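Below is one structure, written out as structure tokens; the observations come after it.
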Amino acid sequence: MLFTLIGIDQKALVKALAKSAPWRYALVHAGLTTVVASSIALSLDASADLLLAIVAVCATGSLFATPAIVRSVGFNPLSAMAYTIASTLMMPVILFINLSVFSGDDFSLDMKEYFIRLIVFIFGPMLLSYLIRKYAPQEGLARVHGKIAQFTIVLVFSFPFGLSGQYRWLWNDNPKFALVTLLIAVAICVSFFLIGLAVFWRKGKEAAFIAAITSGNRNVLLTYSVAGVFLGPLYLPLIGALQLPTYIQPFVVKYFVNRSKANISESAV
């Protein structure tokens, strides 16, 4: 977050968050995906535990590393950063609603842990990047940030290794069900991406792809830190399976974006 925020004007980010667009996006990110995913799961007679895990993923805000991923694809990360913050702030509300509807047990949300993580991962980096941009020489900062940005994406793609353990254990115990879980995870990731792409398509291709990438990346660990065991026994295996399609997604998007640009260039010639 810090490495990405250093390259973003904080005043512009605050102005973006003051507009309605990020909050409309957050409703699509969590609300619309919940309606679509839960409807499909219910129609396929999914188990209560699987349904609970799916709607918990739907409620989850975007991954903090999403702006760096958007930048790596070649798009401006400002909108992705605003979308990430808005969806993260809205997460407890949607999660509370989803658990109220789909969980048969009493539950509680650890809001203290949630606010600590907000300070550490969002507000802290925003303050630090503001101070750095204010007091550091701009030419030197631009040169250093250009080098740091190359390592940021490496840090981003190292993240999934910390979440794959539960899925690996499921694979050892029940390979058939683990494969089904992986297919469900791919379907979830693709569905989230397509929902973001479709809803924002009229705003232009770049805006649509930014929304789609942001929708496809989910900060599933933050949701677990807030709700924990109330998310059911299939949540951790499901989010472990989600890591593969989530982190393949930017490569697929970048391929199609580059191919689209190449076709445009050929047409112009």
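Everything numeric in this text was worked out from a predicted model, so none of it was measured.
- Taking all atoms of both residues into account, the shortest heavy-atom contact from A16 to P22 is O-CG, 3.2 Å.
- Nearest approach of L95 to A56, heavy atoms of both residues: CD1-CA, 4.3 Å.
- No side-chain heavy atom of V28 sits under 4.5 Å from any side-chain heavy atom of T33.
- Counting heavy atoms from C-beta on, the side chains of Q243 and V220 come closer than 4.5 Å.
- The shortest non-hydrogen separation linking P250 to I69 is CG-CG2, 3.3 Å.
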Do V57 and T223 pass the side-chain contact (heavy atoms from CB on, under 4.5 Å) test, and can you show the C-alpha distance, the side-chain angles, and the key distance before you say yes or no? CA-CA 8 Å; V57 172; T223 301; over 6 Å; no
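- Between the OG atom in S129 and the CD atom in Q10 there is a gap of 3.5 Å [rounded to 0.5 Å].
- The shortest heavy-atom contact between S72 and K254 is O-NZ, 3.0 Å.
- If you take CG on N217 and SG on C189, they are separated by 7.0 Å, rounding to the nearest 0.5 Å.
- Legend: ring-ring contact (aromatic ring centres under 6.0 Å, His included) pairs involving residues 211-245, not counting sequence neighbours: none detected.
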Can you give me every donor-acceptor pair (side chain of residues 191-204, partner residue at least two apart or in another chain, under 3.5 Å) with its distance?
| residue | atom | partner | partner atom | Å |
| --- | --- | --- | --- | --- |
| S191 | OG | A187 | O | 2.6 |

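- Linking ILVMFWY residues whenever their side-chain heavy atoms come closer than 4.5 Å, directly or via other members, leaves V186 and L183 in distinct clusters.
- When the options I8, L5, L128, D9 are evaluated for a side chain to side chain contact (heavy atoms under 4.5 Å, CB included) with R133, the one that passes is D9.
- In plain terms, the two heavy atoms of M91 and A59 that are nearest each other are CG-O, 3.2 Å.
- Summarising the geometry of L182 relative to A241, their closest heavy-atom pair is CD1-O, 3.7 Å, with the distance given to 0.1 Å.
- At least one side-chain heavy atom of L109 sits under 4.5 Å from a side-chain heavy atom of L99.
- With contacts defined as side-chain heavy-atom distances shorter than 4.5 Å, the pair Y83/S87 does not qualify.
- Here OG1 of T214 is found 12.5 Å from CZ of F209. Values are rounded to the nearest 0.5 Å.
- You'll find the side chain of V229 stays beyond 4.5 Å of the side chain of F107, heavy atoms only.
- Of the candidates T66, L63, T84, N219 forms a side chain to side chain contact (heavy atoms under 4.5 Å, CB included) with just one, namely L63.
- The shortest distance between side-chain heavy atoms of L27 and M90 falls below 4.5 Å.
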Show which side-chain atoms of residues 114-126 pair as donor or acceptor with protein atoms under 3.5 Å away, not counting sequence neighbours.
| residue | atom | partner | partner atom | Å |
| --- | --- | --- | --- | --- |
| Y114 | OH | T88 | O | 2.7 |
| Y114 | OH | L89 | O | 3.4 |
| R117 | NE | E113 | OE2 | 3.0 |
| R117 | NE | S225 | OG | 3.3 |
| R117 | NH2 | E113 | OE2 | 3.4 |

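- Tracing side-chain contacts under 4.5 Å through hydrophobic residues (I, L, V, M, F, W, Y), one never reaches Y130 starting from M81; they form parts of separate clusters.
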Test log, rule side-chain contact (heavy atoms from CB on, under 4.5 Å), inputs S79 and Y25: CA-CA 10 Å; S79 295; Y25 166 81; over 6 Å; no
Only pairs under 3.5 Å count here: list side-chain donor-acceptor contacts from residues 35-50, not counting sequence neighbours, and write none if there are none.
| residue | atom | partner | partner atom | Å |
| --- | --- | --- | --- | --- |
| S38 | OG | T34 | O | 2.5 |
| S38 | OG | V35 | O | 3.3 |
| S39 | OG | V35 | O | 2.6 |
| S43 | OG | S39 | O | 3.3 |
| S43 | OG | I40 | O | 2.6 |
| S47 | OG | L50 | N | 3.2 |

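- Applying the salt bridge (Lys or Arg N to Asp or Glu O under 4.0 Å) test to residues at least two apart or on different chains, none of the pairs has a partner in residues 14-25.
- A side-chain donor-acceptor contact under 3.5 Å links R218 to the backbone of T60.
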Could you list the donor-acceptor pairs under 3.5 angstrom formed by side chains in residues 166-181, with sequence neighbours left out?
| residue | atom | partner | partner atom | Å |
| --- | --- | --- | --- | --- |
| Y167 | OH | A178 | O | 2.8 |
| N174 | OD1 | F177 | N | 3.2 |
| T181 | OG1 | F177 | O | 2.8 |

